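Presented below is the structure to which this report refers.
It should be emphasised that the depicted structure is a prediction, and the values quoted were computed from it without experimental measurement.
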Amino acid sequence: QVQLVESGGELVQAGGSLRLSCAASGRTISTGDMAWFRQAPGKEREFVAVSKWSGLITYYTTTYTDSVKGRFAISRDNGKNTISLQMNSLKPEDTAVYYCAARWGRIGGGSDTYDYWGQGTQVTVSS
């Protein structure tokens, strides 16, 4: 039984930084793809970042949506079975509920390829 629990969402001022965490249980994330999505009110859920297992040894590739490139960084701590999202230079448009997602043995992209989701954590960026 896989469970994901996000934490770290807060109210921050524009230009500030925030670090979100996602604690996974039930399965090691070391061989999985771990991602962050977000959803703002009235908008569709969008992809933010992913740390994807390469399929070879312990190596991962990262991908970011254009709007957060250079500002956000996804990382993982396989020993603690957690992933993080470091968010810098936050903008009001980053305001959303951020969701942690996981998948194993999947290919392609899109939220529908992720089988496990956390409850979400609210990030609010004030201008």
Side-chain angles (χ1 to χ4, degrees):
Q1 184 177 354
V2 176
Q3 290 187 317
L4 305 173
V5 181
E6 304 97 334
S7 62
E10 297 178 4
L11 170 65
V12 298
Q13 292 186 327
S17 297
L18 197 62
R19 187 177 180 88
L20 306 182
S21 295
C22 173
S25 61
R27 188 169 181 175
T28 179
I29 68 170
S30 64
T31 56
D33 298 342
M34 305 297 296
W36 289 95
F37 290 79
R38 67 186 182 186
Q39 187 168 26
K43 296 184 178 180
E44 295 184 357
R45 185 172 297 183
E46 67 170 339
F47 167 79
V48 177
V50 63
S51 172
K52 184 180 294 184
W53 183 46
S54 69
L56 299 173
I57 55 176
T58 305
Y59 185 76
Y60 306 90
T61 59
T62 58
T63 304
Y64 301 89
T65 192
D66 287 343
S67 63
V68 308
K69 286 181 179 178
R71 299 190 298 119
F72 290 11
I74 187 171
S75 62
R76 62 170 69 208
D77 187 330
N78 289 337
K80 295 182 178 180
N81 221 42
T82 62
I83 60 166
S84 298
L85 184 69
Q86 179 65 47
M87 304 183 293
N88 299 323
S89 302
L90 283 163
K91 303 174 180 180
E93 50 262 45
D94 294 318
T95 296
V97 176
Y98 284 71
Y99 296 91
C100 176
R103 68 182 191 181
W104 286 264
R106 294 275 209 155
I107 61 173
S111 61
D112 59 348
T113 68
Y114 288 83
D115 300 305
Y116 305 97
W117 295 82
Q119 295 295 311
T121 185
Q122 177 70 49
V123 173
T124 302
V125 184
S126 62
S127 60

Contacts satisfying salt bridge (Lys or Arg N to Asp or Glu O under 4.0 Å) that involve residues 14-25 (not counting sequence neighbours) are none
Open item on the list: Less than 4.0 angstrom from a charged side-chain N to a carboxylate O is my criterion; do Asp33 and Arg103 meet it?
Closed with: yes
Minimal heavy-atom distance between Ser127 and Ala14, with the atoms involved, is CA-CB, 4.3 Å
Spell out, as yes or no, whether a donor-acceptor pair under 3.5 Å connects the side chain of Arg106 to the backbone of Ala102.
no
For Trp53, the other hydrophobic cluster members (4.5 Å side-chain criterion, sorted by chain and number) are Tyr60
Do Phe72 and Trp36 have ring centroids that are under 6.0 Å from one another?
-> no
Nearest heavy-atom approach of Ala40 to Thr95 is CB-O, 3.6 Å
Here the side-chain hydrogen bond (donor to acceptor under 3.5 Å, both in side chains) pairs for residues 1-11, sequence neighbours left out, are none
Residue pairs passing the disulfide bond (SG atoms under 2.5 Å apart) test with at least one member in residues 72-127, sequence neighbours excluded, are Cys22-Cys100
* Between Phe37 and Tyr114, is the ring centre distance below 6.0 Å? -> yes
The complete set of disulfide bond (SG atoms under 2.5 Å apart) pairs with one or both residues in residues 44-91, sequence neighbours excluded, reads none
With sequence neighbours left out, the residues meeting side-chain hydrogen bond (donor to acceptor under 3.5 Å, both in side chains) with Lys69 are Asp66
